[in-house]
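For reference, the structure is listed below as structure tokens.
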Protein chains: 2
Amino acid sequence: MSRPTIHAPERGDARTRLLDAARDLIRERGYAGTSIDDLCRSAGVSKGAFFHHFAHKLALGVAAAWHWAETTTAFFAAAPYHAPADPLDRVLAYIAFRRSIIAGPIPGFVCLVGTLASEVYVTGPAIRDAAALSIFGHAATLEADIAAAMAERSIASPEPASLARYFQVALQGGFILAKAGNEAALAREALDHLDRYIRLLFNLPLETRHAATH
Amino acid sequence: MSRPTIHAPERGDARTRLLDAARDLIRERGYAGTSIDDLCRSAGVSKGAFFHHFAHKLALGVAAAWHWAETTTAFFAAAPYHAPADPLDRVLAYIAFRRSIIAGPIPGFVCLVGTLASEVYVTGPAIRDAAALSIFGHAATLEADIAAAMAERSIASPEPASLARYFQVALQGGFILAKAGNEAALAREALDHLDRYIRLLFNLPLETRHAATH
DNA sequence: CGAAATACATACCAACCGGTTTGTATCCTG
DNA sequence: CAGGATACAAACCGGTTGGTATGTATTTCG
């Protein structure tokens with residue numbers, strides 16, 4: 001209450017509105033391709049509001065990466081793939097879940113921090129580090145299930161941490177091909193290969209469920 | 001001869017010097033993060049030269065993607081991984097070769113057109129299409145060997161074209177993680193998993209050769 | 001309640017951006 | 001060797017960029 005006084009904007013305070021705008025615009029046009037004016041226009045705030053919350057554009061980039069890490073962490077923590085009792089089933093359910101959310105316009109499901117890391121490797125080390133924290137932090141959430149699944153079946157071969165990172169490789173690489181080919185199915189296809197890789201590693205029968213979806 | 005008259009530049013004509021500069025600068029800072037002045041300075045040419053050879057910045061982006069496709073096509077055509085008689089050995093040799101050239105500074109081995117496609121998805125459809133041609137064209141060069149290897153061993157499961165694209169997924173995804181983590185070994189690690197995936201698909205014994213390199 | 005801190009909005013600025021104009025040296029061709 | 005085409009160089013231009021200065025409602029708090 002008392003929050004939206006007179007010229008109530010749309011929702012949330014200027015800071016989160018700017019971070020949401022950054023998430024959307026950067027995934028479409030990249031970091032350098034998104035101007036501060038673009039962000040303010042999209043968020044419906046003034047430039048003064050921008051520089052009240054962020055010291056400079058780079059700080060917005062870092063904050064956007066952190067914001068991405070926070071929101072995705074909450075999103076995946078609440079996702080249904082944690083339900084199965086068998087850790088291997090949870091791992092496979094993760095892949096299926098990631099696959100299921102690849103739909104609609106490409107910028108809508110692509111990874112913000114992957115785009116950021118790719119673009120600002122030299123120009124913005126601070127953004128890159130924040131992006132790395134998000135990517136590798138998320139990969140780490142898979143590690144326990146992978147390790148448990150491997151231990152249960154006495155599979156020693158790839159290190160669980162390395163395999164967990166490879167999940168992100170398949171995702172990020174799938175996003176790149178989806179963008180290039182302008183076709184979301186290319187990202188799903190990548191996850192199908194990841195799924196097959198895991199099933200081969202664990203000597204599971206290969207499902208053919210996805211064959212028709214391509 | 002008579003070419004480098006008085007103020008001889010460095011090497012090549014202005015056009016290829018600009019394309020080389022674009023290859024280097026865009027892989028470091030992205031397309032939008034690279035200004036035309038940056039390109040001219042790096043190439044050692046004037047702005048007049050730039051707009052003599054390219055109608056606008058977007059045309060430079062498209063030409064850079066084409067130039068990348070041409071040079072990489074020649075580079076991989078001359079690479080040693082085509083030597084083995086068995087197509088499956090050629091496929092594995094491709095992975096090993098790609099792995100072997102991942103060394104030194106990260107912008108030096110990363111894929112230009114992957115960076116481009118990721119960044120200009122919305123802002124530059126022409127660049128994106130040129131990047132797609134390069135990525136999927138290169139993937140297609142693997143298709144014959146993959147198909148032959150699968151046919152020889154009566155493996156029907158993934159479509160050869162899809163598997164060929166997945167090679168690019170592992171590469172592009174590995175580049176993203178390498179950039180984020182600022183560590184080339186992350187890209188090599190991705191190719192180790194791809195190698196394992198192929199060996200599992202073809203029921204080959206898993207080598208442990210790479211274990212020490214991480 | 002009063003004052004300081006917070007959260008914006010508006011106007012403005014110098015640098016830089018993509019792009020144009022104009023001029024000139026070299027090359028190619030007849 | 002004439003003369004147009006090619007391949008640059010340099011100066012310039014309007015709009016945009018990241019960033020600042022300043023002003024003002026609102027909230028917080030002693």
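Reckoned from all heavy atoms, side chains included, excluding hydrogens, waters and symmetry mates. Model, not experiment: these values are computed from the prediction. Protein chains get the first letters and strands the later ones, always in sequence-line order, with residue 1 at the start of each.
- Near DNA chain D, meaning a heavy atom under 4.0 Å from it, residues 18-26 of chain B has no residue at all.
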### Worked check of salt bridge (charged side-chain N to carboxylate O under 4.0 Å, His left out) between A:R23 and A:D20
CA-CA 5 Å; A:R23 158 172 49 77; A:D20 288 345; 3.0 Å; yes
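- Near DNA chain C, defined here as any heavy-atom distance below 4.0 Å, the residues from residues 49-57 of chain A are A:A49, A:H52, A:H53, listed numerically.
- Within 6.0 Å of atom CD in A:E143, more than 12 heavy atoms from other residues, nucleotides or ligands are found, so the atom counts as buried in its surroundings.
- Look at B:R199 and B:D195 and you find a salt bridge, because one of the NZ, NE, NH1 or NH2 atoms lies within 4.0 Å of a carboxylate O, short of that distance.
- Within the 4.5 Å cutoff, no side-chain heavy atoms of B:L60 are placed close to those of B:I36.
- Atom CG of residue B:D145 and atom CZ of residue B:R90 lie 4.0 Å apart, to the nearest 0.5 angstrom.
- Projected onto DNA chain D by closest heavy-atom contact, A:R41 and A:G48 fall at different nucleotides, the more 5' of which corresponds to A:R41.
- Just one of B:Y94, B:F75, B:F167, B:W68 meets the ring-ring contact (aromatic ring centres under 6.0 Å, His included) condition when paired with B:H138; it is B:Y94.
- Residues in residues 31-53 of chain B take part in these ring pair (Phe, Tyr, Trp, His ring centres under 6.0 Å) pairs, two or more places apart or across chains: B:F50-B:F54.
- Put simply, CG on B:D13 is 17 Å from P on C:dT26, counting in whole angstrom units.
- Atom pair B:I36:CD1 and D:dA10:C1' shows a separation of 16 Å (rounding to whole Å applied).
- For the contact set between residues 27-35 of chain A and DNA chain C, defined by any heavy atom under 4.0 Å, there are no members.
- Rounding to whole angstrom units, CG of residue B:L39 and C1' of D:dC8 are separated by 17 Å.
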Only pairs under 3.5 Å count here: list side-chain donor-acceptor contacts from residues 100-114 of chain A, not counting sequence neighbours, and write none if there are none.
from, atom 1, to, atom 2, distance (Å)
A:S100, OG, A:F97, O, 2.7

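- A:S134 contributes no side-chain N or O that, together with a main-chain N or O of A:A131, makes up a donor-acceptor pair within less than 3.5 Å.
- Side-chain atoms of A:R196 and B:Y197 form a donor-acceptor pair, as typed in the model, at a separation below 3.5 Å.
- Residues forming a side chain to side chain donor-acceptor pair (under 3.5 Å) with A:S35 (at least two apart in sequence, or on another chain): A:D38.
- Comparing D:dG19, D:dA9, C:dG19 against the side chain of A:K47 picks out D:dG19 as the nearest.
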